[in-house]
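Reading through the structure tokens given below for one structure.
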Amino acid sequence: MNRASALPAPDFVEQQPDEPRRPSLSERARAAVAPPAAGPGGYMAGLNPEQRQAVEATEGPVLVLAGAGTGKTRVLTTRIAHLIATGKAWPSNILAVTFTNKAAREMKERIAALVGPAGEGMPWLGTFHAIGTKVLRRHAELVGLRSDFTILGVDDQLRLLKQVITADGIDEKRWPARALASFIDGWKNRGLQPKEVPPGEAASFANGRGAALYTAYQERLKTLNAVDFGDLLLECLRLWRDNPDVLEQYHNRFRYILVDEYQDTNVAQYLWLRLLAQARKNLCCVGDDDQSIYGWRGAEVDNILRFEHDFPGATVIRLERNYRSTGHILAAASGLIARNQDRLGKTLHTEDEPGDKVTITGAWDSEEEARLISEEIEAIQARKERLSEVAVLVRISAQMRELEDRFVQLGLPYRVIGGPRFYERAEIRDALAYLRATAQPADDLAFERILNVPKRGLGEACLQRLHAHARAARVPLMQAARYLAESDEMKPKPRKALRDLMASFDRWRSLMDRTAHHDLAAQILEESGYTDMWQKEKSADAAGRLDNLKELVRSMEEFPDLAAFLEHISLVMDANETEGQDRVSIMTLHAAKGLEFDTVFLPGWEEGLFPNQRALDENGRAGLEEERRLAHVGLTRAKKRARIYFATNRRVHGLWNTTVPSRFIDELPEAHVEVTEAPAAYSAGRASRFEGMTPFGSSYATPGWQRAQARAASGGGFGASQWTQAAGMADEDSRGGFSDDGYSGRWGDGSSRSRYNEGFGTSTRGPRKGPGGRSGPMLIEGEILAKSTGAPSAYEIGNRVLHLKFGPGTVAAIDGNKLTVDFDKAGRKMVLDSFVERAG
DNA sequence: TATCGCGGTATTTTT
DNA sequence: TACCGCGATA
């Protein structure tokens, strides 16, 4: 429904690229009727002085350092409105770049709200990649492509690389395609074409074959008329450098350039912007060096740190007034980030009240941590606060599972944000491959992908044969297939399968101009046996996949034809957000950037996990600082409450490890933080306050679960300082040598750390198997009972149901709103009926 | 050609 | 522990 507006409108009515576009009639009429007003009550209303300055400094290079919650997007959108309102530029003269489709969409909406109805405004507002695509499609022939080039997803890219590697006679097991992909991505991020790769780096893959493989890969892409994500920027650079006249067109067109999240730009993007901005120099970059968390993906904090140097005479404006968080939260976050050396430095302040202090809570293990969090959330729920204002932000997705398990048991509604993107999902890419193969018979990658999906007996052997023939005859795979289906080179069975498949493609292709493209898509998925394949599959996510396919078909209606759909699909499809329901959000810290919640839970603040050992090992101080920025991002997501947790024991790759609280905890300014008392329910062991609290505590003779209780009870007894003392030795080491030694023992390799944990069993097969062991099930049972309403269930024994996590199953017994279900895959479980739906 | 079981591996992931 | 990808099997 709002997907229509969610997808950037296909730009069918573009003007000629040569001259700056004249405003359309409606644009002129609208401007005449309702000019946005800058005065009181106008678009400038409510801006603070710095924000206003950022809006009005239209000429020359401008860097807006916008701290978390300081109204960054507001400035950006108002600035665009201002440019338009003052007649300095038409919407089509403004280039506004974002990183995500979501950000682009939001900006579009907000601008529409400021300057007038949506519709044709801002044709050049979009992601780097979307705009790069648009540019390339216009000048494709100048970089050796056709304008209908396809954009490869990561999986296509990997398959292609695998082929390239094997074709070079290299053992793909020793030199995996994934590794090469990350090399190539790295080079592309830095704007390097194959011949520009430093020899030393090229040598590090497959005994010096790196650069050659990169070259071969690029050649394969050109043959296939395809590009990968990196090329969308890289090819623009090549285009503009080799064709000054084309670059000049864009200089004339883009009179003002705005960039969102500048701290996340990589070298290629920097070069891209510099080329475009060099003529008029009206470049406005908005960002926050303290929120740069994508260094590992090629983002260069340096771009923002060097801005004044790169663009001489730049105006730098700092937005430091925070409109989001209460005082203590902001002060805690500021105190933490102040420890970073590589930063331009901002001091956030708020006029809001101090509010609650940031809390720190220690838990015995990750299970208890999940329990404490879920209990707090239940309290929030009981207070009738909205769950959509609550988020749990984790460092790594592996942390999510325990939380999810817990939430499922309690019946707490949650949603996981992130995960695989809609268009990256296997079923979507398969469906797209069918459509591509139908619309573009020369699309070998697409054809190869679906040749044996669903299984039709056309396996590896058949594919090899097709390849051989295609290569020999220099024709696309599809054509080779057609030939082989008629020749007698193949055994009867596969031959018939191939012939049937080709007949199907012919039929679909003949329907293309007679059938609505979305109906055709549905028909293709049906007749190819693809939907059948998932219907037969009994796994938990099969139903979801079928839904996704339906969603895909539905979203096609928004486009005029198949070609238009395929052109835009790879860049703009978003995960279908099931909004509207009141749920707790669980996501990684990375995914949380740009969001805000009343209450934010931050579990897992432990050395090794957060800051992450690997980040430390691989990037030393820079890695540590990026982790610290991540912590800062996490804290600044909170409007009213931020709660930090750490667990003393956590299972890593299946082994139990004893952990030390994160150094970030000790780095928080004490005045704005409090260490929580354990909830009354767990105060049974209060006396044993000093037991079980250190990683090498004396209490290991006590059964695990008892220690957990004691530990929780003593929660308030030891502040950060006590921890520092208790864990002093480990702490010192971990601080000293994060890049090479001391505590370097990689997490999960107990060897070098066991000296801190003598007798404790750093890595065991489960510390909690003592008598009484897991008191868990009992407790859980109790909770389920407590929540049971006793109301008659809507289900009957024998009903087929579908569960969020466990997949399809049959109801075996009913007790109020509790169901006992025999799941096809997961076995017998007891679940709340609100967690299942009827399976058709 | 499909399936089983073994071993290796295990951050973060805007496009 | 859990998953994935590959090689050995039927």
Side-chain angles (χ1 to χ4, degrees), chain A residues 97-104 126-133 151-154 157-158 162 172-173 176-178 181-182 185 188-189 227-233 260-261 263-266 268-269 291-299 393-402 417-424 452 454-463 491 493-494 497 569-575 587-594 604 608-619 623 626-627 629-630 633-634 650-657 746-749 763 765-766:
Chain A
V97 231
T98 64
F99 273 83
T100 64
N101 291 307
K102 190 171 160 227
T127 63
F128 276 101
H129 299 268
I131 289 166
T133 308
I151 300 163
L152 263 43
V154 277
Q157 193 186 356
L158 281 178
K162 206 174 268 186
E172 203 264 323
K173 278 178 89 176
R178 273 194 87 72
S182 77
D185 278 350
K188 289 189 173 180
N189 284 156
V227 296
D228 62 20
F229 282 122
D231 288 338
L232 293 173
L233 297 166
D260 190 17
E261 308 277 22
Q263 78 282 354
D264 290 339
T265 48
N266 59 34
Q269 286 155 341
Q291 291 187 65
S292 167
I293 55 175
Y294 283 103
W296 48 274
R297 243 178 139 264
L393 310 183
V394 297
R395 175 65 242 274
I396 62 172
S397 1
Q399 288 173 261
M400 291 182 183
R401 235 192 72 157
E402 260 179 317
I417 313 261
R421 300 264 161 287
F422 187 68
Y423 59 83
E424 278 171 13
N452 201 29
K455 301 254 185 293
R456 42 172 80 90
L458 300 172
E460 195 56 30
C462 173
L463 182 62
K491 294 200 184 108
K493 243 194 198 159
I569 194 67
S570 51
L571 286 174
V572 297
M573 280 305 283
D574 271 332
M587 68 190 97
T588 63
L589 287 159
H590 286 89
K593 195 174 72 161
L609 177 59
F610 189 40
N612 190 273
Q613 191 61 43
R614 200 151 152 182
L616 265 40
D617 289 345
E618 285 168 15
N619 293 305
E626 183 152 313
E627 294 287 302
R629 290 194 290 268
L630 209 41
V633 165
R650 189 174 294 273
R651 198 165 22 190
V652 180
H653 306 328
L655 297 176
W656 284 95
N657 276 78
R746 253 287 181 89
W747 228 40
D749 136 25
S763 299
R765 298 248 162 224

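In what follows, chains carry the letters A, B, and so on, assigned in the order in which the sequence lines appear, proteins first and then strands, with residues in each chain numbered from 1.
The residue A/T98 sits apart from the nucleic acid: no heavy atom pair falls under 4.0 Å. Residue A/A615 is classed as a base contact, given a heavy-atom separation below 4.0 Å to a base. At the heavy-atom level, A/Q157 lies nowhere under 4.0 Å from the strands shown.
In B/dT12 the O4'-C1'-N dihedral to the base is more than 90° from 0, which defines an anti nucleotide.
Looking at residues two or more places apart in sequence or on another chain, you find a ring pair (Phe, Tyr, Trp, His ring centres under 6.0 Å) between A/F99 and A/F128. For A/E627, the salt bridge (charged side-chain N to carboxylate O under 4.0 Å, His left out) partners two or more places apart in sequence, or in a different chain, are A/R395.
When all heavy atoms of A/G457 and A/N452 are compared, the pair lying nearest together is N-OD1, 3.3 Å.
Judged by centroid separation below 5.5 Å and plane tilt below 30°, A/Y294 does not stack onto the base of B/dT13.
Between the base of B/dT12 and the side chain of A/R395 there is a donor-acceptor pair shorter than 3.5 Å.
You'll find that the side chain of A/D264 is closest to B/dT14, out of C/dA2, B/dT14, B/dT1. Listed candidates were B/dT1, B/dT15, B/dT12. Nearest to the side chain of A/A461 is B/dT1.
Using modelled atom types, one side-chain atom of A/H590 and one backbone atom of A/I293 make a donor-acceptor pair closer than 3.5 Å.
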